[in-house]
2 protein chains.
Amino acid sequence: MKKSDTKKALLDAAEEAVRESGHDGFSYADLSNKVGIRKASIHYHFPGKADLLSSIMQRYRENLLKELAIINENTPKASDRLLSYISIYRSALKGGSALCLCVAFSIGQQTLDEQTREEISDFRKKIFDWLYNNFTLADKDGSISNLGNLKEETAGLISLVEGAQIGARFAHDMHYFDLSLNPFKKRLEN
Amino acid sequence: MKKSDTKKALLDAAEEAVRESGHDGFSYADLSNKVGIRKASIHYHFPGKADLLSSIMQRYRENLLKELAIINENTPKASDRLLSYISIYRSALKGGSALCLCVAFSIGQQTLDEQTREEISDFRKKIFDWLYNNFTLADKDGSISNLGNLKEETAGLISLVEGAQIGARFAHDMHYFDLSLNPFKKRLEN
DNA sequence: GTCTATAGGGAGATAGAC
DNA sequence: GTCTATCTCCCTATAGAC
């Protein structure tokens with residue numbers, strides 16, 4: 001198999017594993033089974049597990065930030081942009097069996113290498129800024145009711161979405177996510 | 001040392017470890033160092049790790065449900081009760097280094113034994129009911145503004161508080177918790 | 001009750017053949 | 001690039017002396 005194909009298969013399998021079981025909840029043996037390659041061979045593509053985890057995070061960050069940029073391009077109203085944000089986190093749940101990669105890494109940060117932790121930290125800041133800018137837009141276009149302090153609204157929405165993911169995965173029930181988000185969604189004018 | 005004293009020391013050390021590192025983020029060796037007992041001796045008090053984890057959870061559940069009952073006895077206004085609830089989760093953060101036990105177990109549920117998972121699940125339901133009853137009270141005493149659907153409010157507050165814990169611990173910053181909770185707190189009338 | 005000693009397994013990682 | 005074989009380390013758990 002071509003080097004890049006195996007590498008992608010490993011990244012895909014590892015990302016899925018992290019989102020379902022956490023980064024220390026899967027082993028090279030698990031990965032080996034999923035991809036159909038001996039576990040020693042994984043080290044050819046990623047010398048250590050830290051390299052693998054860092055690569056997953058890098059790829060995820062690039063893709064998601066691109067998605068958010070596209071939302072801004074195509075969606076004029078702030079409330080609609082936030083709805084898109086919420087739906088990204090909703091679909092990441094995969095019916096209640098997985099978390100988005102950012103939440104999965106954030107809850108297991110203690111045993112991560114410094115570099116990956118930095119990447120997550122930087123990523124979280126960028127998400128915060130994107131939301132903050134769109135709450136600022138909402139303050140102008142009036143598409144969200146009862147707006148308070150914009151930094152508080154931003155932190156509150158991130159916490160709400162991440163907490164809803166945790167709860168929904170625990171219960172294996174998407175309904176819990178929707179239930180949690182509804183009070184916020186009712187403030188959005190469509 | 002008396003049996004019950006060692007047992008309590010083990011429970012205390014294990015609870016702290018779970019809240020800081022997760023239930024598979026600490027070993028009998030870690031516990032052995034903290035308590036000053038050889039790791040083999042731990043098995044005398046708790047035959048397996050599952051027994052230890054289950055005991056921590058049982059103790060925590062009993063204590064917290066007792067606390068919530070006392071809040072109801074001593075605090076007439078719904079908004080004040082919810083403030084107490086929030087402050088329990090806030091102080092559990094220990095400045096951003098730990099989670100409350102319920103969140104710590106909830107995020108690591110995949111590798112828990114069935115019994116402990118059941119205990120957490122049951123505990124979460126009881127927390128939900130306590131909050132739901134107090135949102136119902138708020139609907140009567142008018143101490144929370146803009147009340148929507150009460151189940152949604154309940155799920156939303158749990159998600160908010162749990163997500164705020166995750167974010168605050170990641171950033172090692174209590175401020176993030178306070179920032180996240182402020183929009184909700186502003187709806188409470190004091 | 002607590003100890004020493006050790007079993008048994010799984011983790012990530014490396015060497016070297018092909 | 002992928003393989004087999006092996007290494008080292010750490011985990012939970014048990015046996016048996018004191």
Side-chain angles (χ1 to χ4, degrees), chain A residues 1-57 104-105 107-117, chain B residues 1-57 104-105 107-117:
Chain A
M1 199 187 250
K2 258 176 58 188
K3 176 172 177 177
S4 62
D5 287 354
T6 305
K7 200 159 188 168
K8 183 178 179 306
L10 285 169
L11 285 170
D12 291 344
E15 178 172 335
E16 192 183 335
V18 171
R19 289 175 47 199
E20 284 176 3
S21 315
H23 72 269
D24 41 14
F26 80 99
S27 67
Y28 273 35
D30 299 328
L31 224 52
S32 160
N33 287 332
K34 274 208 219 181
V35 176
I37 193 182
R38 290 301 182 156
K39 59 178 182 153
S41 311
I42 301 174
H43 292 278
Y44 169 78
H45 301 278
F46 302 98
K49 199 175 180 181
D51 303 288
L52 174 56
L53 297 177
S54 163
S55 296
I56 298 171
M57 187 59 207
F105 271 138
I107 63 183
Q109 38 131 341
Q110 303 99 330
T111 49
L112 274 178
D113 61 300
E114 188 57 40
Q115 195 199 338
T116 309
R117 205 158 44 221
Chain B
M1 200 187 250
K2 257 176 55 190
K3 176 171 176 176
S4 63
D5 287 354
T6 306
K7 200 158 188 169
K8 182 178 181 307
L10 285 169
L11 285 170
D12 291 344
E15 176 172 337
E16 192 183 337
V18 171
R19 289 175 47 198
E20 284 176 3
S21 315
H23 73 268
D24 41 14
F26 80 99
S27 67
Y28 273 35
D30 299 328
L31 223 53
S32 161
N33 288 332
K34 273 208 219 182
V35 176
I37 192 182
R38 289 300 182 156
K39 58 182 179 147
S41 310
I42 301 174
H43 292 278
Y44 170 78
H45 301 278
F46 303 97
K49 200 175 180 181
D51 304 289
L52 174 56
L53 296 177
S54 164
S55 295
I56 299 171
M57 187 59 207
F105 271 137
I107 64 183
Q109 38 132 336
Q110 303 98 331
T111 51
L112 275 178
D113 60 301
E114 188 57 39
Q115 195 199 339
T116 309
R117 205 157 46 219

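What you are looking at is a predicted structure, and each value in this text was computed from that prediction instead of being measured. What's counted below: heavy atoms across the whole structure, side chains too, no hydrogens, waters or symmetry copies. Sequence lines set the chain letters: A, B, ... in the order given, protein chains first and strands last, and positions in each chain run from 1.
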Show which side-chain atoms of residues 5-14 of chain A pair as donor or acceptor with protein atoms under 3.5 Å away, not counting sequence neighbours.
from, atom 1, to, atom 2, distance (Å)
A:Thr6, OG1, A:Lys2, O, 3.4
A:Lys8, NZ, A:Asp12, OD2, 2.7
A:Asp12, OD1, A:Arg59, NH1, 2.9
A:Asp12, OD1, A:Arg59, NH2, 3.0

Heavy atoms only: give me the nearest A:Arg117-A:Gln110 pair and the separation to one decimal.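 Smallest heavy-atom distance, with atoms named: NH1-O, 3.9 Å.
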State, to 0.1 Å, how close A:Lys39 and A:Ser32 come at their nearest heavy-atom pair, and which atoms those are.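 Taking every non-hydrogen atom into account, N-OG, 3.7 Å.
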How would you list, by chain and number, every residue that makes a side chain to side chain contact (heavy atoms under 4.5 Å, CB included) with A:Asp51, sequence neighbours excluded?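 Per chain and number, A:Asp51 pairs via side chain to side chain contact (heavy atoms under 4.5 Å, CB included) with A:Phe46, A:Pro47.
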Point-to-point distance, once rounded to the nearest 0.5 Å, from [atom1] of [X] to [atom2] of [Y]:
X       : Y        : atom1 : atom2 : result
B:His45 : B:Ser4   : NE2   : OG    : 9.5 Å
A:Leu31 : A:Arg38  : CG    : CZ    : 14.0 Å
A:Lys49 : A:Leu52  : NZ    : CG    : 8.0 Å
A:Leu53 : A:Leu112 : CG    : CG    : 6.5 Å

Just N and O in the side chain of A:Ser27: are any of them under 4.0 Å from OP1 or OP2 of C:dA11?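 So the side-chain polar atoms of A:Ser27 do come within 4.0 Å of the phosphate oxygens OP1 or OP2 of C:dA11, strictly under.
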Taking any atom under 4.0 angstrom from a heavy atom of chain B, which nucleotides of DNA chain D are the first and last to qualify, 5' to 3'?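 Result: D:dC11 to D:dT14.
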Per the under-4.0 Å heavy-atom filter, residues of residues 12-23 of chain A near DNA chain C come out as none
Not counting sequence neighbours, which residues clear side chain to side chain donor-acceptor pair (under 3.5 Å) with B:Gln115? List them please. B:Glu119
Contacts of B:Thr116 meeting side chain to side chain donor-acceptor pair (under 3.5 Å) (sequence neighbours excluded), chain-then-number -> B:Asp113
Pairs meeting criterion salt bridge (Lys or Arg N to Asp or Glu O under 4.0 Å) with involvement of residues 18-30 of chain A, two or more places apart: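 The answer is A:Glu15-A:Arg19.
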Whole-Å distance between C:dG12 P and A:Asp24 CG?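 Those two atoms, CG and P, are 10 Å apart.
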Check nucleotides 4-8 of chain C for protein N or O atoms closer than 3.5 Å to its own N or O atoms and list the pairs.
from, atom 1, to, atom 2, distance (Å)
C:dT4, OP2, B:Arg38, NE, 3.1

Strand-adjacent residues in residues 42-56 of chain B, judged by heavy atoms under 4.0 Å from DNA chain D: B:His43, B:Gly48, B:Lys49
Enumerate the ring pair (Phe, Tyr, Trp, His ring centres under 6.0 Å) contacts for residues 6-29 of chain B, please, sequence neighbours excluded, ordered by first and then second residue.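 Passing the test, one end in residues 6-29 of chain B: B:Tyr28-B:His43.
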